[in-house]
Amino acid sequence: MKSETWTIQQVFQDRKQYKVPFYQRAYVWTLEKQWPLLWADIKDKAEERLANTQPAPHFLGAIVVEPQEKVGLRGVDTLHIIDGQQRLTTLQYVLAGIRLATRELNITDYDSYLAAVLDNPNPTTMANAEVEVFKVWPTFSDQKAFVSAMTADKLATLQARYPAHFTQAGTFRRIGIVHPPALNAIWNFAEWAKAWIEANGGTDAVEALVMSVLTDLKVVLIQLEKGDDAQVIFETLNGRGAELHATDLIRNHLFMTVDSSKEDPAALYEAKWKQFEQDTWKVAERRGRITKPRLEWLIFSAIRAQTGQEGDLARLYVDFKNFAQGLSTTEQLAMLDTYGKHYLQLIQGKGDLPVARFGRRLQPFDTTTTHPLALRISTADVPDSEKTAMFNDIVSYIVRRAVCGLTPKNYNNWFMSVLRQWIKGEPTREALKDLLASSPNSPAARWPEDDEFVHAFQTAPTYYGNLDAGRCRMLLTELEGWLRLTKRTEEPIIPDLSNLDIDHILPRSWYEHWTLPDGSKATFAESQAAEQQELVGSVLSDHYQAIRRRAKAIPTLGNLTLLNLSVNREAQNKDFATKKQLLIANTVLSLNGDLMARETWDEDAIAVRAKRLADAATQLYPR
């Protein structure tokens with residue numbers, strides 16, 4: 001490689017174009033971060049010149065380019081930007097902004113100097129003049145706005161081309177709108193340049209400003225030569241904790257290492273990778289304490305699904321390179337394309353694949369640790385009915401453990417272990433069930449049998465207790481769907497009851513309107529005293545025993561239902577007769593059907609309903 005220190009004038013002089021390879025990320029520098037800092041550096045140098053002080057060079061960093069072979073006479077010299085596209089593009093925006101500012105001030109003496117570093121001459125000798133006239137050519141997503149903004153001959157032209165981005169008074173909108181980066185940068189640099197030139201004397205200030213950009217700013221320009229490995233150099237510059245996402249490094253690795261004699265990189269990009277540049281893949285997803293773009297989670301989960309091996313998200317790029325050894329770019333992209341379709345349905349809970357319903361059912365449980373296994377099942381060569389059955393088994397495993405109060409802390413290791421063993425053999429439901437049931441004596445991994453599940457369903461504190469609001473609502477919603485079934489062989493349709501409140505039929509604050517089975521009342525203070533005596537092992541009086549029995553029954557599933565928010569607020573802590581009338585008038589849920597036939601509601605009634613719901617739950621979540 002050749003390395004030289006160049007001024008910006010040297011970088012942009014002569015007939016050449018710095019081209020951003022199609023696979024690189026879009027322009028990302030912004031008004032909030034980089035532009036003001038660069039402009040401050042430029043102003044400092046210009047002010048030194050106005051003060052007749054010779055400015056010291058200001059170093060902008062290294063630019064790495066790869067010259068492309070030119071075939072024939074027509075066309076400009078082309079250099080692919082391996083590293084430095086943000087700086088080179090921004091410098092073009094700076095120069096374009098200064099040119100518009102000088103034209104606005106009717107100072108045209110420097111137009112030719114600026115044209116020399118903004119426009120390639122002699123378009124009649126170019127192969128594609130509409131593209132080759134520019135000194136820098138951006139990637140696909142930036143090209144339209146880049147051309148529109150860079151070819152504006154004055155500020156009024158920018159306003160005419162982007163009317164929605166300006167107020168009726170002609171000022172640049174600052175709130176409530178997202179500007180194309182090219183428009184945003186050029187307009188701001190033009191405004192800053194115009195204000196600075198006016199404040200510093202006009203024509204002389206223009207020369208100082210132009211000279212500060214062209215001669216006082218410098219870069220180290222590294223030109224690769226035949227035999228240099230562009231990917232290794234790019235990785236060295238950007239892959240060790242720099243600002244690029246792991247997915248930027250992965251994308252560049254994919255297309256820099258493509259075998260162009262066997263594969264068409266542009267066609268692969270369009271068909272397989274371009275979809276991952278969409279906003280849906282940039283959404284931030286949180287898992288535990290870690291937040292990353294959705295695409296990183298896809299790649300991480302896809303590698304786990306494919307290999308069954310543990311991974312380190314912090315080393316995703318290295319992880320992907322290790323996975324990709326021996327695979328063509330086509331094969332790597334095909335894998336991501338396949339898993340991408342399934343992953344979106346899994347996390348969004350929408351779509352026609354069985355994995356969509358699985359994802360929707362488990363959303364409240366935040367079990368992203370199941371994603372690699374779910375993706376492997378979803379892409380397996382088995383019928384959808386088999387996939388659905390396997391997903392039902394995983395849901396059963398998770399719901400049963402949650403109702404029984406068993407910890408999810410080991411799920412990451414457990415589900416990866418299940419996946420690793422499952423992919424070694426035939427991808428059958430029976431094999432998966434055997435693996436899920438393979439640790440019957442482990443609190444960290446066992447799949448509760450019916451006896452344990454039914455007992456917890458009837459007696460364990462559920463809400464508040466083993467389930468939070470989202471998980472409890474999901475369980476009650478699915479039970480409602482199951483109770484509506486007429487044919488037990490069908491998959492229950494899960495109704496959307498997300499707008500309903502969880503209600504304790506016998507309320508948590510029952511002391512004013514509810515009596516104990518013997519007809520007596522109790523107070524909150526007595527409830528606290530009874531709990532404290534039980535904790536220390538004291539013998540409880542009959543009154544205190546009745547209070548404790550009620551306290552334990554209230555948070556169990558037999559006492560929980562779903563109600564419209566306003567009905568729940570109205571019912572609040574009222575007696576059962578009042579609640580029953582509100583139910584009759586306002587509910588059609590099967591969950592509430594047996595409540596309306598009752599004259600009283602107490603601990604015995606809760607136990608009866610709990611048994612009914614537990615019987616339904618063992619069928620809904622079979623073991």
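The structure displayed is predicted, hence computed values, not measured ones. The first residue in the sequence is number 1, and the count goes up from there. For the numbers below, each heavy atom of this structure counts, side chains included, while hydrogens, waters and symmetry mates do not.
- Counting only heavy atoms from C-beta outward, the side chains of W281 and L344 approach each other to under 4.5 Å.
- By the 4.5 Å heavy-atom criterion applied to side chains, D501 and V567 are not counted as neighbours.
- For the atom pair N559 CG and I505 CD1, the distance stands at 5.0 Å (nearest 0.5 Å).
- Taking 4.0 Å as the cut-off between side-chain N and carboxylate O, D604 and R549 count as a salt-bridged pair.
- Judged purely by atom type and a 3.5 angstrom limit, Q332 uses its side chain to pair as donor or acceptor with the backbone of L327.
- Between I377 and W422, some side-chain heavy-atom pair lies under the 4.5 Å cut-off.
- The two atoms that bring I299 and I250 nearest to each other are CD1-CD1, 3.9 Å, heavy atoms only.
- Y339 and Q306 form a side-chain donor-acceptor contact under 3.5 Å, judged by distance and modelled atom types alone.
- Using a 4.5 Å cut-off on side-chain heavy atoms (C-beta onward), T587 and L582 make no contact.
- Not a single side chain to side chain contact (heavy atoms under 4.5 Å, CB included) links K350 to another residue, sequence neighbours left out.
- D279 is linked by a salt bridge (charged side-chain N to carboxylate O under 4.0 Å, His left out) to K282, counting only residues two or more places apart in sequence or in another chain.
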Pairs under 3.5 angstrom only: tabulate donor-acceptor contacts from the side chains of residues 412-420 to other protein residues two or more places apart or in another chain.
from, atom 1, to, atom 2, distance (Å)
W414, NE1, Y397, OH, 2.9
S417, OG, Q421, NE2, 3.0
R420, NH1, G308, O, 2.9

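- Considering only residues two or more places apart in sequence or on other chains, R289 meets the side chain to side chain contact (heavy atoms under 4.5 Å, CB included) condition with none of them.
- Q348 places no side-chain N or O within donor-acceptor distance of the main-chain N or O of Q345, the cut-off being under 3.5 Å.
- With K387 contributing its side chain and A380 its backbone, the two residues share a donor-acceptor pair below 3.5 Å.
- Annotation: F300 is not in aromatic contact with F320 [ring centroid separation under 6.0 Å not met].
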For residues 608-615, which side-chain donor-acceptor pairs fall under 3.5 Å, sequence neighbours excluded?
from, atom 1, to, atom 2, distance (Å)
R609, NH1, G558, O, 2.8
R609, NH1, L560, O, 2.8
R609, NH2, L560, O, 3.1
R609, NH2, L591, O, 3.2
K611, NZ, D615, OD2, 3.3
R612, NH1, D594, OD2, 3.3

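- Within the 3.5 Å criterion, the main-chain N or O of A444 finds a donor-acceptor partner in the side chain of R401.
- Considering only residues two or more places apart in sequence or on other chains, T30 meets the side chain to side chain contact (heavy atoms under 4.5 Å, CB included) condition with E32, K33, Q34.
- For the pair R287 and W297, the cation-pi criterion (under 6.0 Å, within 45° of the ring axis) is fulfilled.
- Atom-to-atom distance recorded for Q619:CD and L483:CG is 9.5 Å, nearest 0.5 angstrom.
- The salt bridge (Lys or Arg N to Asp or Glu O under 4.0 Å) pairs that include a residue from residues 388-398 are D393-R429, where partners are two or more places apart or lie in different chains.
- Under a 3.5 Å cut-off, the side chain of D575 and the backbone N or O of T578 do form a donor-acceptor pair.
- Aromatic ring pairs are classed by plane angle as parallel below 30°, tilted from 30° to 60° and perpendicular above 60°; the pair Y269 and F140 is tilted.
- Summarising the geometry of R360 relative to P364, their closest heavy-atom pair is O-CD, 4.1 Å, with the distance given to 0.1 Å.
- Tested against L373, the residues I394, I423, L435 include a single side chain to side chain contact (heavy atoms under 4.5 Å, CB included) partner, I394.
- Distance check: L506 CG to I554 CD1 gives 5.0 Å after rounding to the nearest 0.5 Å.
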In sequence, state the C-alpha distance, the side-chain angles, and the governing distance for T523 and Y511, and then conclude on side-chain contact (heavy atoms from CB on, under 4.5 Å).
CA-CA 6 Å; T523 65; Y511 313 102; 5.6 Å; no
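- Side-chain contact check for F255 versus L268: some heavy-atom pair is nearer than 4.5 Å.
- Here salt bridge (Lys or Arg N to Asp or Glu O under 4.0 Å) pairs that include residues 433-452, with residues two or more places apart or in two chains, are R400-D450, R446-E452, E449-R623.
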Show the numbers, then the answer: is there a side-chain contact (heavy atoms from CB on, under 4.5 Å) between V28 and R25?
CA-CA 8 Å; V28 295; R25 65 174 176 172; 3.9 Å; yes
Give the intermediate values and the outcome of side-chain contact (heavy atoms from CB on, under 4.5 Å) for residues R294 and T280.
CA-CA 8 Å; R294 179 175 288 166; T280 188; 3.2 Å; yes
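- Using a 4.5 Å heavy-atom threshold, the side chains of M390 and P354 count as separate.
- N466 and R471 are not linked by any side-chain donor-acceptor pair at a separation below 3.5 angstrom, with hydrogens and angles left out of the test.
- With sequence neighbours left out, the side chain to side chain contact (heavy atoms under 4.5 Å, CB included) criterion links S541 to H543, Y544.
- More than 12 heavy-atom neighbours from other residues, nucleotides or ligands sit within 6.0 angstrom of CD on E526.
- At a cut-off of 3.5 Å, with distance as the only test, a side-chain donor of Q275 or D337 sits close to an acceptor on the other residue.
- The closest donor-acceptor contact from the side chain of T462 to the backbone of G465 lies at 3.5 Å or more, if one exists at all.
- No donor-acceptor distance shorter than 3.5 angstrom exists from the side chain of H504 to the backbone of S509, with no hydrogens or angles considered.
- In this structure the side chain of R304 reaches within 4.5 angstrom of the side chain of D319, judged on heavy atoms.
- No side-chain heavy atom of L516 sits less than 4.5 Å from a side-chain heavy atom of K521.
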Could you go through E285 and K292, starting from their C-alpha distance and side-chain angles, then the distance that decides it, and tell me whether this counts as salt bridge (Lys or Arg N to Asp or Glu O under 4.0 Å)?
CA-CA 6 Å; E285 290 183 358; K292 291 287 185 181; over 6 Å; no
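- There is a side-chain donor-acceptor pair under 3.5 Å between W273 and E277.
- Using the six-membered ring where Trp is involved, F453 and F457 have ring planes that are perpendicular, over 60° apart on the 30 and 60° scheme.
- For residues 502-520, the pairs satisfying salt bridge (Lys or Arg N to Asp or Glu O under 4.0 Å) are D503-K579, with sequence neighbours left out.
- Residues satisfying the ring pair (Phe, Tyr, Trp, His ring centres under 6.0 Å) criterion with W514, sequence neighbours excluded, are absent altogether.
- Residues R473 and S498 bring no donor and acceptor atom of their side chains to less than 3.5 Å of each other.
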Apply side-chain contact (heavy atoms from CB on, under 4.5 Å) to residues L589 and L500 and explain how you reach the verdict.
CA-CA 11 Å; L589 297 187; L500 299 186; 3.9 Å; yes
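- A donor-acceptor pair is defined here as one N or O able to donate and one able to accept, closer than 3.5 Å; no such pair exists between the side chain of S396 and the backbone of N392.
- A donor-acceptor pair is defined here as one N or O able to donate and one able to accept, closer than 3.5 Å; no such pair exists between the side chain of R251 and the backbone of H253.
- A donor-acceptor contact shorter than 3.5 Å links the side chain of T307 to the backbone of Q309.
- Applying the ring pair (Phe, Tyr, Trp, His ring centres under 6.0 Å) rule to pairs touching residues 351-370 yields F358-F391, sequence neighbours excluded.
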